[in-house]
Amino acid sequence: MAEARCGLWARPFCGQLRAADAGRRVELAGWVRRRRDLGGIIFVDLRDREGWVQVLFPEEPLKSQAASLSHEDVVRVVGTVRPRPADMVNRELPTGEIEVLAEELEVLSTAHVPPFVVEDQVNASEELRLRYRYLDLRRPEMTRGLLLRDRITFAIRQYFHEMGFVEVETPILTRSTPEGARDFLVPSRLSRGAFYALPQSPQLFKQLLQVAGLGRYVQIARCFRDEDLRADRQPEFTQIDVEASFVQEEDIYTLIEGLFARIFPLVGIHPPERFPRLAWSEAMERFGSDRPDTRFGLELVELGAVSATCSFEPLQRAAAQGRVKGLVVPGGAAFSRKQLDELSEAVKPFGAPGLLWFRKTAEGYASPAKRALGEEGVAAFLAAAGAGEGDLLVAVGGPPKVVFAALGALRLQLARQLGLLPAHRHDFLWVTDFPLLEWDEETRRYYACHHPFTSPHPSDLERLESDPASVRARAYDVVMDGVELGGGSIRIHDPELQRRVFSVLGIGEEEARRKFGFLLEAFRYGAPPHGGIALGLDRLVMLMAGRESIRDVIAFPKTTAGNCLLTDAPNTVDEAQLAELHLRLT
RNA sequence: GGGGUGGUAGUUCAGUUGGUUAGAACGCCGGCCUGUCACGCCGGAGGUCGCGAGUUCGAGCCUCGUCCACCCCGCCA
């Protein structure tokens with residue numbers, strides 16, 4: 001290589017030296033991870049992003065110099081790589097077969113005592129880690145996350161490029177659109193009283209790029225949503241945003257299955273060639289979730305019929321007015337009173353009043369509803385659920401949404417509790433046939449389940465106005481191990497159909513023209529049929545890195561209150577800045 | 001908006017029924033030590049118990065408020 005001209009770039013990373021480098025004279029630069037001063041000899045672990053290597057200072061005057069080094073000092077070392085004596089090899093370390101005998105030492109920067117020890121095994125609070133994020137990111141497991149994220153995004157770009165996709169950047173300063181999440185707003189200085197909004201996703205732009213004839217678009221795009229945070233939700237996050245012309249659902253499935261086949265092997269996971277499909281309604285009925293974790297059983301059972309004819313009034317009523325479903329917990333008959341109470345508490349946040357349990361043990365049938373149901377009644381429920389002796393049946397009744405949410409959550413809790421989650425199995429699947437619309441009782445109107453540009457299923461089109469809730473969408477989600485990795489749809493490209501959908505959504509002609517006029521107009525000038533998908537990159541990397549929070553794979557994340565502890569953002573601004581923006585605080 | 005958990009030395013934590021001098025480990029400082037790799041050994045320093053009120057003879061501990069972090073529900077087309 002061009003070592004003579006690019007000597008600096010040829011310098012090896014500390015963590016990459018191996019036995020094969022023995023005999024090499026190297027210049028290293030890095031951070032002092034640890035110093036072991038044995039008096040007559042000093043060992044220094046020199047760390048960079050790739051790992052660390054042991055540097056040896058056996059003789060004066062270098063030894064005295066090394067003696068003054070402390071944690072996180074930045075140094076340059078020139079030395080010779082040599083094999084360690086056979087009985088001094090450290091098998092735990094990738095660099096453990098060699099060490100560097102120092103010949104030169106230069107302190108480039110001294111470090112204050114860090115607020116926490118920069119090591120994987122220190123458990124400094126996340127608050128402190130976020131305040132000193134640059135120190136936190138020096139920890140190998142954090143560095144690994146950033147490096148993995150880089151390899152993943154690189155592979156993604158490579159894949160889409162090979163597939164004929166073009167990466168196009170779309171505006172960050174754009175306009176607010178109705179529906180969806182709360183917008184982040186940016187006041188305009190030049191247009192008094194007007195605001196830009198940060199994009200919730202590049203949705204409209206990627207559709208316009210199809211009208212523009214790009215055909216295959218991809219962008220690793222930052223998106224912004226001003227909603228409350230979670231372990232898997234940040235106010236700004238990254239989407240792998242994809243859109244293509246002349247495609248059907250199957251084309252998108254193939255594309256994403258190919259992408260996953262490319263990237264998951266980076267972490268030793270090998271997805272199946274084709275992912276199973278599950279209709280939304282089936283996912284809800286069997287798993288109580290539109291992003292089911294199919295790695296274990298514990299599927300929901302139907303108790304509507306047995307409830308309707310039973311003599312326990314609350315369940316009878318629930319069956320008549322809503323749904324009654326349950327879960328069979330194998331061996332759960334042994335659950336204590338306290339455990340049963342905990343299960344009951346667990347469903348309450350979802351709007352269920354509690355749950356009813358049934359069991360048969362050697363002592364006989366038991367249930368809180370036994371007085372009303374009698375032995376045969378309890379037996380009928382257990383039989384309907386296919387529960388045997390020693391099993392526990394739990395039932396929830398109520399509106400479908402509540403029943404599914406409660407049992408879906410309970411199913412996951414029980415799986416964790418009973419250790420049913422397999423460690424090395426990963427399930428990928430497509431959830432298809434989502435409903436197009438969802439009725440909202442509070443505002444007395446329909447909302448788009450996916451977004452208002454999603455194409456209705458052609459065979460359901462005739463019911464769009466007469467029975468909107470029954471119309472299926474050409475929408476799909478890709479799910480891994482119970483996590484929604486992304487979702488998309490085949491879009492509407494016909495201005496007339498788009499108007500019909502807007503109308504069902506209660507968006508009138510005038511409002512549609514005002515807010516989406518540019519899209520409707522664009523569709524008049526030759527719009528190709530198109531569709532796409534967006535994948536949550538942060539979640540994807542989190543899963544691949546085996547981390548529990550997307551904060552762990554974002555270099556500078558916000559806290560759950562939306563604060564950046566490092567920069568102390570958000571913060572106040574000068575009066576003068578506000579005045580320029582024609583803003584006044586109330 | 002609602003519910004839960006936590007906040008004590010630089011860090012991670014312990015701290016009994018409210019009791020007089022708030023502890024441990026790691027880190028830090030000084031000393032010794034030639035094959036360590038969580039080096040070891042000896043010695044030492046280090047505290048606004050998140051913040052503000054209140055109860056009490058007396059509060060790290062009880063009460064109220066408040067701030068911060070984390071988890072969940074709502075919210076997130």
Side-chain angles (χ1 to χ4, degrees), chain A residues 33-46 52-60 63 67 70-72 84-93 95-96 99 101 112-132 135 177-183 200-201 203-204 223-235 237 345-352 402 405-406 409 412-413 434 436-438 440 442 446-454 473 475 484 487-489 501 505 507 534 536 548-549 551 558-563 565 568:
Chain A
R33 172 181 175 266
R34 197 168 289 192
R35 190 192 69 219
R36 290 178 294 279
D37 186 343
L38 274 61
I41 186 169
I42 296 175
F43 299 99
V44 170
D45 289 344
L46 197 60
W52 68 80
V53 68
Q54 172 166 288
V55 183
L56 185 70
F57 296 89
E59 282 166 22
E60 296 295 355
K63 189 158 75 72
S70 54
H71 281 124
E72 304 308 318
R84 295 195 189 187
D87 50 338
M88 297 304 157
V89 166
N90 186 342
R91 302 263 166 232
E92 309 289 305
L93 228 57
T95 59
E99 60 193 359
L101 179 62
H112 278 81
V113 177
F116 56 89
V117 184
V118 180
E119 295 282 328
D120 277 351
Q121 52 272 29
V122 302
N123 38 357
S125 70
E126 194 168 1
E127 188 171 357
L128 199 67
R129 289 169 45 209
L130 288 173
R131 198 175 303 283
Y132 298 93
L135 295 180
T177 50
E179 315 273 310
R182 196 176 292 116
D183 283 318
Q200 295 179 27
S201 85
Q203 181 61 35
L204 295 172
C223 304
F224 305 86
R225 293 178 191 177
D226 189 5
E227 297 292 346
D228 288 355
L229 289 78
R230 286 282 195 290
D232 61 352
R233 272 174 20 200
Q234 285 273 304
F237 61 99
E345 283 307 309
V347 299
K348 286 182 180 168
F350 302 93
V402 169
L412 294 177
Q413 185 184 321
F434 280 81
L436 183 72
L437 305 160
E438 192 187 5
D440 180 60
E442 225 169 276
Y446 284 101
Y447 282 88
C449 284
H450 186 52
H451 58 53
F453 318 108
T454 301
E484 180 199 325
S489 63
V501 170
L505 287 169
I507 302 173
E548 302 268 301
S549 163
R551 289 189 299 272
K558 311 271 190 292
T559 68
T560 50
N563 297 318
L565 298 181
D568 206 17

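Order of the sequence lines sets the chain letters (A, B, ...), proteins ahead of strands, with each chain counted from 1. In this text the structure is predicted, and so the values were computed from the model without any measurement.
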Between C72(B) and U36(B), how many Å separate the two C1' atoms, rounded to a whole number? 47 Å
For C33(B) versus C42(B), give the span between their C1' atoms, rounded off to a whole number of Å. 11 Å
Dump every N/O contact between nucleotides 35-37 of chain B and the protein below 3.5 Å, one line per pair.
unit_1 : atom_1 : unit_2   : atom_2 : d
G35(B) : O6     : Arg82(A) : NH2    : 2.8
G35(B) : N1     : Glu99(A) : OE1    : 3.4
G35(B) : N1     : Glu99(A) : OE2    : 3.0
G35(B) : N2     : Glu99(A) : OE1    : 2.4
G35(B) : N2     : Glu99(A) : OE2    : 3.3
U36(B) : O2     : Arg36(A) : NE     : 2.6
U36(B) : O2     : Arg36(A) : NH2    : 3.4
U36(B) : O2     : Gln54(A) : OE1    : 3.3
U36(B) : N3     : Gln54(A) : OE1    : 2.7
U36(B) : N3     : Gln54(A) : NE2    : 3.0
U36(B) : O4     : Gln54(A) : NE2    : 2.7
U36(B) : O4     : Arg84(A) : NH1    : 3.4
C37(B) : O4'    : Arg36(A) : NE     : 3.0
C37(B) : O2     : Gln54(A) : OE1    : 3.4
C37(B) : O2     : Asn90(A) : ND2    : 3.4
C37(B) : N3     : Arg84(A) : NH1    : 2.6
C37(B) : N4     : Arg84(A) : NH1    : 3.3
C37(B) : N4     : Met88(A) : O      : 2.6

Residues passing the side-chain contact (heavy atoms from CB on, under 4.5 Å) test with Asp440(A), sequence neighbours excluded, are Glu442(A), Thr443(A), Tyr447(A)
Using whole Å, what does the distance between atom C1' of nucleotide A9(B) and atom CG of Leu128(A) come to? 14 Å
Within the structure shown, what part of the strands sits under 4.0 Å from Ser201(A) by heavy-atom distance: base, sugar-phosphate, or nothing? base
Sequence neighbours left out, what passes ring-ring contact (aromatic ring centres under 6.0 Å, His included) with Phe350(A)? Give chain and number order. none
What verdict does the side-chain contact (heavy atoms from CB on, under 4.5 Å) test give for Trp52(A) and Leu93(A), after you've listed the backbone C-alpha separation in whole Å, the side-chain angles of each residue and the deciding distance to 0.1 Å? CA-CA 9 Å; Trp52(A) 68 80; Leu93(A) 228 57; 3.5 Å; yes
Protein-proximity profile, nucleotides 40-52 of chain B, B/S/- by nucleotide at the 4.0 Å heavy-atom cutoff, equals -------------
Between NE2 of His112(A) and P of U11(B) the distance, given in whole Å, is 16 Å
For Asp183(A), give me all partners under side-chain hydrogen bond (donor to acceptor under 3.5 Å, both in side chains), at least two apart in sequence or on another chain. Ser176(A), Gln200(A)
Sequence neighbours excluded, which residues qualify as side-chain contact (heavy atoms from CB on, under 4.5 Å) partners of Ala86(A)? none
Residues two or more places apart in sequence or in another chain: which of them pass salt bridge (Lys or Arg N to Asp or Glu O under 4.0 Å) with Glu60(A)? Lys63(A)
For Phe116(A) and C13(B), give me the distance from atom CZ to atom C1', rounded to whole Å. 18 Å
Considering only the C1' atoms, how many Å lie between U5(B) and A9(B), rounded to the nearest integer? 23 Å
Tabulated below should be each protein N or O lying under 3.5 Å from an N or O of nucleotides 68-74 of chain B; please produce it.
unit_1 : atom_1 : unit_2    : atom_2 : d
C68(B) : O2'    : Glu127(A) : OE2    : 2.6
A69(B) : OP1    : Thr559(A) : OG1    : 2.8
A69(B) : OP1    : Asn563(A) : ND2    : 3.0
A69(B) : O4'    : Glu127(A) : OE1    : 3.3
C70(B) : OP1    : Thr560(A) : N      : 3.3
C70(B) : OP2    : Thr560(A) : N      : 2.5
C70(B) : OP2    : Thr560(A) : OG1    : 2.3
C70(B) : O3'    : Arg551(A) : NH2    : 2.9
C71(B) : OP1    : Arg551(A) : NH1    : 3.4
C71(B) : OP1    : Arg551(A) : NH2    : 2.7
C71(B) : OP2    : Arg551(A) : NH1    : 3.3
C73(B) : OP2    : Arg230(A) : NE     : 3.2
C73(B) : O2'    : Pro349(A) : O      : 3.1
G74(B) : N7     : Arg230(A) : NH2    : 2.9
G74(B) : O6     : Arg230(A) : NH1    : 2.9
G74(B) : O6     : Arg230(A) : NH2    : 3.4
G74(B) : N1     : Asp228(A) : OD2    : 2.7
G74(B) : N2     : Asp228(A) : OD2    : 3.4

Just checking Gln203(A): base, sugar-phosphate only, or nothing, at a heavy-atom cut-off of under 4.0 Å? base
G23(B) versus G47(B) - spacing of their C1' atoms, nearest Å: 11 Å
By the Watson-Crick or G-U definition, both distances under 3.5 Å, G58(B) is matched with none
With a 3.5 angstrom cut-off on both distances, give the Watson-Crick or G-U wobble partner of C70(B), or none if there isn't one. G4(B)
Between U48(B) and C41(B) - C1' atom distance, rounded Å: 36 Å
If we call it a pair only when both distances are under 3.5 Å in a Watson-Crick or G-U wobble match, what pairs with G44(B)? C28(B)
With both distances under 3.5 angstrom, what nucleotide forms a Watson-Crick or G-U wobble pair with C37(B)? none
Under the rule for salt bridge (Lys or Arg N to Asp or Glu O under 4.0 Å), what residues qualify as partners of Arg84(A), not counting sequence neighbours? none
Under the criterion side-chain contact (heavy atoms from CB on, under 4.5 Å), I'd like the reasoning laid out for Glu99(A) against Asn90(A): C-alpha separation, chi angles, the key distance, then a yes or no. CA-CA 10 Å; Glu99(A) 60 193 359; Asn90(A) 186 342; over 6 Å; no
Rounded off to whole Å, could you give me the CD1-to-P distance for the Ile42(A) and C32(B) pair? 12 Å
Mind checking what makes salt bridge (Lys or Arg N to Asp or Glu O under 4.0 Å) contact with Glu484(A), not counting sequence neighbours? none
Pick the nucleotide of RNA chain B nearest each of Gly40(A) and Val117(A); which residue has the one closer to the 5' end? Val117(A)
With P as the reference atom in both, quote the distance from G65(B) to G40(B) in angstrom, rounded to an integer. 48 Å
For Pro452(A), which contact category applies under a 4.0 Å heavy-atom criterion: base, sugar-phosphate, or nothing? base
Any ion pair linking Arg233(A) and Glu227(A) (charged N to carboxylate O, less than 4.0 Å)? no
Please name all residues satisfying salt bridge (Lys or Arg N to Asp or Glu O under 4.0 Å) with Arg33(A), sequence neighbours left out, ordered by chain then number. Asp45(A), Glu119(A)
Between U11(B) (P) and Tyr132(A) (OH): distance, integer Å: 8 Å
Between G2(B) and A45(B), how far apart are the two P atoms, rounded to whole Å? 48 Å
Is there a Watson-Crick or G-U wobble partner for C64(B) with both distances under 3.5 Å, and if so, which one is it? G52(B)
Partners meeting side-chain hydrogen bond (donor to acceptor under 3.5 Å, both in side chains) with Glu127(A) (sequence neighbours left out): none
Rounded to whole angstrom, note down the C1' distance from G15(B) over to G74(B). 38 Å
Quick one: pull up CD1 in Ile42(A) and CG in Asp37(A) and give me the separation to the nearest 0.5 Å. 4.0 Å
Between C26(B) atom P and His71(A) atom NE2, what is the distance in whole Å? 13 Å
